Amino acid sequence: MAGGRRRRHHFSRIHAFTCGRASMREEHSLIGGPGFSRKVYCNDPERAMESLLSYGDNYVRTTKYTLATFIPKSLFEQFRRVANFYFLVCAVLSFFPVSPYSGVSNVVPLLVVVAATMVKEFIEDFRRKQQDIEMNNRKVKVHRGDGVFDISKWRDLKVGDVVRVEKDEFFPADLILLASNYDDAICYVETMNLDGETNLKLKQALEGSSMLQEDSNYQNFRAVITCEDPNANLYTFVGSLDLEDQQYPLAPQQLLLRDSKLRNTDFIYGVVIFTGHDTKVMQNATDPPSKRSKIEKRMDKIIYCLFVVLILISFIGSIFFGLMTDDDLENGRMKRWYLRPDNTEIYYDPNSPVVAAILHFLTALMLYGYLIPISLYVSIEIVKVLQSIFINQDVHMYYAETDKPAHARTSNLNEELGQVDTILSDKTGTLTCNSMEFIKCSIAGVAYGRGATEVERALSRRQETPFSQEFKERISESKPSIKGFNFKDERIMNGNWAKEPNANVIQNFLRLLAVCHTAIPEIDEETGKVSYEAESPDEAAFVIAARELGFEFYERTHTTISLRELDPMSGNKIERSYKLLNILEFSSARKRMSVIVRDEEGKLLLLSKGADSVMFERIAKNGREFEEYTKQHISEYADSGLRTLILAYRELNEEEYNQFNKEFTEAKNLVSADQEQIVERIIQSIEKDLILLGATAVEDKLQDGVPECIDKLAQAGIKLWVLTGDKMETAINIGFACSLLRQGMKQIIISSDTPETKSLEKMEDKSAAEVIAIACCINFDGTLLIFQAIKSSVIRQLREAKTLLTTSDENFEALALIIDGKSLTYALEDDVKDSFLELAIGCASVICCRSSPKQKALVTRLVKMRTGSTTLAIGDGANDVGMLQEADIGIGISGVEGMQAVMSSDIAIAQFRYLERLLLVHGHWCYRRISSMICYFFYKNIAFGFTLFFFELYASFSGQAAYNDWFLSLYNVFFTSLPVIALGVFDQDVSSKHCLRFPLLYQEGIQNILFSWKRIIGWALNGVVTSAIIFFFCIRTMEHQAFRKGGQVVGLEVLGATMYTCVVWVVNCQMALSISYFTYIQHIFIWGSIIFWYIFLLAYGAIDPSFSTTAYKVFIEALAPAPSFWFITLLILIASLLPYFVYASIQMRFFPMYHQMIQWIRKDGQTSDPEYCDMVRQRSIRHTTVGTTARLEASKRLEASKRLEISVHSSASKRIELSNFAASKRSEGNSEDR
Amino acid sequence: MPWRVEFEYSRFSQQELDAWQPILTPSWAISIFTVIGLIFIPVGLASLFASESVVEVPFRYDDECLPPDYKDDALEYIQNDNINKTCTRNLTIKNKMKAPIYVYYQLGNFYQNHRRYVKSRDDKQLRNKASENDVGSCSPEDYTSTELGHKPIVPCGIIAWSLFNDTYRISSNNKDLVINKKNIAWKSDQLAKFGSDVYPKNFQIGGLIGGARLNESIPLSEQEDLIVWMRTAALPTFRKLYGKIETDIEVNEEVMLVIENNYNTYEFGGRKSLVLSTTTWVGGRNHFLGMAYILIGGVSLLLAVGFLLLYVMQPRPLGDPSYLSWNRNPGSLR
């Protein structure tokens, strides 16, 4: 829309913005006081300068470091880690004589490790920096004086600048709205980035500034804004505007927040009041809590254990050293005279052996420090970053439609993905797409629409029965071409409705759909097609359905709604407009909305739509013609997971309306505490005696592949809980749609929110005995007693349900728990929560509906803390943020609902179904890799460290290292690090295909089989055995005799180099033995490390002896020509690996783990035999209780039992479905019998 | 904040690289055990045979050469310079020893690998005449005492100071078996670590004499005894090469050893031996290597047989899920 053409109307009346208007209230008296001291000179840079008010610029920095602070700050971060600090202390100490090795050799690996981490930090920060640069250099038009607006960068904005923001642009800072292209200075804002809400919010400027609609108006514009100081509260704002000696109050209504977007408005003018880090969105930005994986926590414990071992062996060594030193000098007589104990430093002084022993303790701590792998942390970090890159790069998790790959925002939790026990999922936008599709309707008692719902589709995909053939056809043709419309029925499409028996009812029905809403049409100027901007997706679905069925809503003004209607007589489209008189808003309490319009003939119509629970009671006696059939239809719809609404209307006469309008207007302008109730009562008085037209069924569309994904996760043994803010019926519908619920499941419903009537109705429908958990009926008369009553009822319900849990153990029945928000409040109280959790864990599926964001977080915490299992929360909206941050892993869906959830998540994916691959493939792999890697790390360091200790036994614990200083220090950095990294990044036990084919493999992570204490200790013992074999074989083979033909004997340097060679060989070959996946990378790294050791030995030995000291030419001169050196290496290599090899072959043969089973199957080529795979799956699988597999099995069971007895009643099946809402033991028994 | 990853499909980025995925099937295990056995046993036998063929004649003389009068006062004996330390013994060589015969001295309970001992030297000083004053960590054998002018000692440190000073002469049938003391040190030491222009200075002139004195007119690079001594041993019992005899000793030939028993091992209860030994391709006499090879090879063969028996007696279809760990636990299986 061009700037010149302005809309002369606004829609503030159609939105409920009763609270938006600001008035001079008490909070405004605070202005100027503490906390409200900000003074903004609008459009007046000189004055701002004079007044010495310097507010920060609009530069936003999200980086952790600046160029100047990078070095000190990142160093500080590094050495905050206990292990790194230990190594730093060691490095410092190594420059003192107490050190067993030279200082430089010890500092270098530390430098390498620290530098590697710092480079990683730098790169990460650099990325953030680039994002900042992009953000800060965005362009905006700023007033430059004399009414000229010029393009400027965001970063250059100053407080007080006047900016012009165009349609679909983001606001560069927090602005006060001055004017827009609309005369009444309104604008629409999308705050998706802030709170995740997709609907548009209306903002309106003060009247005083609303006429400043041209650039030139700003030439002489001056104003002063006094307002609150920067704070984090998004929904409050207090300030005042001094304009032309008049003071206007400012409210959130005038505030445009940074990172929200201007929509449906051509342009606005605004004055900058908060910039950069002062903006509300930046003030809100908090660092997400840093999470650590369970494996890392356990790893810390292992490190502490190693520290204990380290201290222990150092202590033992020091005692012996003290004793031996003490013994050296006896009454002034030197025993080991060659050590000159008579004239010595304090370190070896026999006169004070205690001091010597204490100092030796330090030496020993440094010497045996090789037990603690210095490069462990940095290796793990490198590995995790690389793993995340692989996750990000996975094409199977790339969503082409929105161009979004998976995005691991933190790499800390990769392995945690392999251990998830419980998934807590949001519903809207996560399981569902948050797009509604009009799929079925019931008009005048006739059901229309043949589209297949997701439930039917998921089942038919799995079911290989001839009956599904027809289904498949329906599916193939039911690809919706129009978003939000998946309706197929020739009877009423293409204008055919006119030939139906109840054509006039259909006409009214469709007209109601087209008129009764608050959507805004948007006409594409090129194609002329109308699209809609609606508050909620189901409303959009209605308008679209009306359009597709011939009632095209194309224009909305302040007072009219214009349609292009199909005239049943002529078959032509005619334009008709309806005078919009009143809108009676939708609210969650009312559960309905109505409009009052006057049609072209002058008839006054009240059009109403709403939930069945509130609508049926408002229908006139003569309007219940189709009631029975409609009710039947809506219960069918609800069972297949559809959202239903009842449509009804009535004609009003003039007097009635005038009377209503008068009262309504008065009530609206009433200033009193009970104003709302009065308005409500008046509305109630007019919404009655309606005539039923029919019902709509809208599918809250599940995202692609959700049922299949849930099925796979269930097969993997992962529990899925749905936590939703939706109402119970919708939640249950979705539960059915994604097979979390099914027929034959016992449902335990704990509720305290159902109106009396409904529960009574239910009691009538089924006998009271059938209802296990009935909604409790309490009159809300506003006393505290009620809460206790509810609570006790919740407790009672929990107790009853638990007895069910114990009894049902015997007959494999799956239970489902459905609890609503209010009950949840009580269930989460300290004294109740344990029994709630116990019940919930016993149930196959848990659905919490009507839960607040806080409750979602609390449930998450409860599961996490009490069961100790790993929880994963997945959600997409701002209301899921708490849950995402609370859970062990938070997964954000980068869908339509804004970025809030993604920003606080640990990993973002575009679709729920990617969770399957993320967990079963990447999670499993990462878990396996990291745990193997850590085990191996400890193994190799123990194997190395203990050789040092064993040597001390033969060196009177003096602290002399067996190896050359540089051999020691480069062990972790060069000769053994790369293969471990390759293991951590590339190893796979089975391919991704097999991970998905055998979901039970995931249990290895949940049960933590690969990182159990047993396994860790096993590896540590292997390390000790290895080092013992290496050391004792070495000293026995290289005793005191000549080791080569030339008669030369073994010196310290020869023994050291030989032992070291053996260690390098053994740990690298152990690696080769324990992985089962060799790409060229593994080959290069493993064999390369060994070769590199020899190259190093050669190169280092060739350097001048003043540097290489004992390693000088040791290989080329002493070792290489000696055959015994090579034979010893071979002997020790095989001997050290033999224990593990024997263990591995026995284990593989007799106790194979699940991944090894799959490897067997793969090797035998049986993976291509589906029957065999299925057999393996069947025999190895735990009974899955939810998901399509379980549903299919249950239905098979049901059919089998059906075949035994003849079906009694044709409507019986319907009854079963109905009973799902409060299934009972008895009805369960009945259905089984049938 | 939107992100964009440049997408590049490759087998690498999708983790689908070609890989060799061996699994340890029983047949693999059996073959590997067999191969190990078949290789190790012959190697073991060969090296055992070689080691067996070495003739080694050890002669412990710390007790043997202690005159009976001093049995209870060994220290007095060794510390008193006036007592003649020469000790003569006859040995019958039971096997023929072919030249070269290596003469070793063996010390026991002598911690040349003690940290203080190992560090007590200065490589720069040994190498370079200019670094004479470089006495680094040589204390207390760094400078001569103040009375003697506080001059740097070359070579400094307690390793050099405690240089072994027993000497041997071996004769057979009154004919000296010449002990060649050349080329007993590592060449690299002579060339690079001990300077040819560095001469001993102020050595062993202090109050406390450790071991051997050095001829001040011979440069360090020629002082092979010192070089050998200064390559510290790894273990408290060690041998060092004393020299080579380049003539054969016949079967049952009687050799006479003349030992100057100067070195004080009595103080710390150390043992001293003279060892004559021939060598072969595996070096000196040590059966451990061969035995270990045979042991490992034998164990491997046994394991191979054991596995084979199990495999034949109790075959099972590969991938039998009844072996699954959580299938065997009825509690977790529903």
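Within every chain, numbering begins at 1; the chains are lettered A, B, ... in the order of the sequence lines, protein sequences first and strands thereafter. Keep in mind that the numbers below use all heavy atoms, side chains included, and drop hydrogens, waters and symmetry copies. All figures in this text were calculated on a predicted structure; none of them were measured in a lab.
- Shown here is A:Ile1116, whose CD1 atom has no more than 12 heavy atoms of other residues, nucleotides or ligands within 6.0 Å.
- Within the 4.5 angstrom heavy-atom criterion, atoms from both the backbone and the side chain of B:Leu289 approach chain A.
- Across B:Ser188, B:Ala233, B:Ala29, B:Ser162, the residue that shares the most heavy-atom pairs under 4.5 angstrom with chain A is B:Ser188.
- With a 4.5 angstrom heavy-atom cutoff, A:Ile1081 touches chain B only via side-chain atoms.
- Interface check for chain A: of the options B:Trp186, B:Trp161, B:Phe12, B:Tyr266, the most heavy-atom pairs under 4.5 Å are formed by B:Trp186.
- Here OG1 of A:Thr325 is found 5.5 Å from NE2 of B:His114. Values are rounded to the nearest 0.5 Å.
- Only the backbone of A:Val985 comes within contact range of chain B, judged by heavy atoms closer than 4.5 Å.
- Interface check for chain A: of the options B:Tyr293, B:Trp281, B:Tyr117, B:Phe238, the most heavy-atom pairs under 4.5 Å are formed by B:Tyr293.
- Using a 4.5 Å cut-off between heavy atoms, B:Thr232 touches chain A through backbone and side chain atoms alike.
- Panel note: side chain B:Asn113, backbone A:Gln960; no donor-acceptor pair is recorded below 3.5 Å.
- Between chain B and the options A:Glu1039, A:Lys1113, A:Glu1053, heavy-atom pairs under 4.5 Å are most frequent for A:Glu1053.
- If you measure heavy-atom distances from B:Val54 to chain A, you find no contacts under 4.5 Å at all.
- In this structure, the side chains of B:Leu24 and A:Ser1145 come closer than 4.5 Å at one or more pairs of heavy atoms.
- Here the OG atom belonging to A:Ser992 is positioned 5.5 Å from the CD atom belonging to B:Glu16, to the nearest 0.5 angstrom.
- In this structure a side-chain-to-backbone donor-acceptor pair under 3.5 Å is missing from B:Asn286 to A:Met1038.
- In summary, B:Glu267 and A:Arg333 engage in a salt bridge, as defined by a charged side-chain N under 4.0 Å from a carboxylate O.
- Both the backbone and the side chain of A:Glu345 come within contact range of chain B, judged by heavy atoms closer than 4.5 Å.
- Proximity to chain A (any heavy atom under 4.5 Å) is shown, for B:Leu310, by both the backbone and the side chain.
- Note that CD1 of B:Ile39 and CD1 of A:Ile1134 are 8.0 Å apart. Values are rounded to the nearest 0.5 Å.
- Neither the backbone nor the side chain of A:His360 comes within contact range of chain B; no heavy atom of the residue lies under 4.5 Å from a heavy atom of that chain.
- For chain B, the nearby part of A:Leu1055 is the side chain; its heavy atoms alone come within less than 4.5 Å.
- Using a 4.5 Å cut-off between heavy atoms, B:Val43 touches chain A through its side chain atoms alone.
- Contacts between A:Thr344 and chain B at a heavy-atom distance below 4.5 Å involve backbone atoms as well as side-chain atoms.
- Heavy-atom pairs under 4.5 Å with chain B peak, among A:Ala1122, A:Gly1056, A:Gly1051, A:Ala961, at A:Gly1051.
- Panel note: side chain B:Arg115, backbone A:Ser958; a donor-acceptor pair is recorded below 3.5 Å.
- The candidate from A:Leu1073, A:Leu1138, A:Asp328 with the greatest count of non-hydrogen atom pairs under 4.5 Å with chain B is A:Leu1138.
- In this structure, the portion of B:Gln106 lying under 4.5 Å from any heavy atom of chain A is its side chain and not its backbone.
- Counting heavy-atom pairs under 4.5 Å between each of A:Tyr348, A:Phe951, A:Phe1125 and chain B puts A:Tyr348 at the top.
- Using modelled atom types, no side-chain atom of B:Gln21 and backbone atom of A:Ser991 make a donor-acceptor pair closer than 3.5 Å.
- Side-chain rings of A:His1040 and B:Tyr104 stay apart, their centers remaining 6.0 Å or farther from each other.
- Nearest heavy-atom pair across A:Thr1079 and B:Asp18 is CG2-O, 3.6 Å.
- Side-chain rings of B:Tyr111 and A:Tyr338 stay apart, their centers remaining 6.0 Å or farther from each other.
- Distance check: B:His287 NE2 to A:Thr1037 OG1 gives 14.5 Å after rounding to the nearest 0.5 Å.
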Inset, instruction - Show your reasoning for whether side chain to side chain contact (heavy atoms under 4.5 Å, CB included) applies to A:Val1049 and B:Leu241. - result: CA-CA 7 Å; A:Val1049 291; B:Leu241 199 52; 5.7 Å; no
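- No part of A:Asp327 comes within reach of chain B, as not one of its non-hydrogen atoms sits under 4.5 angstrom from that chain.
- Of the two parts of B:Arg116, the backbone and the side chain both hold a non-hydrogen atom closer than 4.5 Å to a non-hydrogen atom of chain A.
- Options A:Phe957, A:Trp925, A:Tyr1080 differ in how many heavy-atom pairs under 4.5 Å they form with chain B, and the most are formed by A:Trp925.
- When side chains are defined from C-beta on, A:Arg1149 counts as touching B:Tyr311, because their heavy atoms get closer than 4.5 Å.
- Contact annotation for B:Leu17: both backbone and side-chain heavy atoms come within less than 4.5 Å of a heavy atom of chain A.
- One finds the OG atom of A:Ser1106 at 12.0 Å from the CG atom of B:Leu126 (value rounded to the nearest 0.5 Å).
- Within the 4.5 Å cutoff, the side chain of A:Asp342 has heavy atoms near those of the B:Leu208 side chain.
- Ring pair A:Trp337/B:Phe110 is perpendicular by interplanar angle, where above 60° counts as perpendicular and below 30° as parallel.
- Side-chain atoms of A:Gln1041 do not come within 3.5 Å of backbone N or O of B:Gly283 as any donor-acceptor pair.
- At least one donor-acceptor pair closer than 3.5 Å links the side chain of B:Lys193 to the backbone N or O of A:Thr1109.
- Only the side chain of B:Leu75 comes within contact range of chain A, with heavy atoms under 4.5 Å apart.
- Within the 4.5 angstrom heavy-atom criterion, atoms from both the backbone and the side chain of B:Phe268 approach chain A.
- Looking at A:Ala962, neither its backbone nor its side chain comes within 4.5 Å of chain B, counting heavy atoms on both sides.
- The shortest heavy-atom contact between B:Thr279 and A:Ala1042 is CG2-CB, 3.9 Å.
- No other option in B:Lys124, B:Arg285, B:Met291, B:Arg127 has as many heavy-atom pairs under 4.5 Å with chain A as B:Arg127.
- Put simply, CD1 on B:Ile23 and NE2 on A:His1155 are 10.0 Å apart, with the number rounded to the nearest 0.5 Å.
- Contact of B:Asn183 with chain A is not made at all, since no heavy-atom distance falls under 4.5 Å.
- Only the side chain of B:Phe307 comes within less than 4.5 Å of a heavy atom of chain A; its backbone N, CA, C and O stay farther away.
- Outside the 6.0 Å centre-distance limit, the rings of A:Phe1127 and B:Phe40 are not counted as a close aromatic pair.
- Of the possible donor and acceptor atoms, one in the side chain of A:Glu1117 sits under 3.5 Å from a partner among the backbone N and O of B:Lys187.
- With chain B as the partner, the residue from A:Arg340, A:Arg1036, A:Arg336 showing the most heavy-atom pairs under 4.5 Å is A:Arg340.
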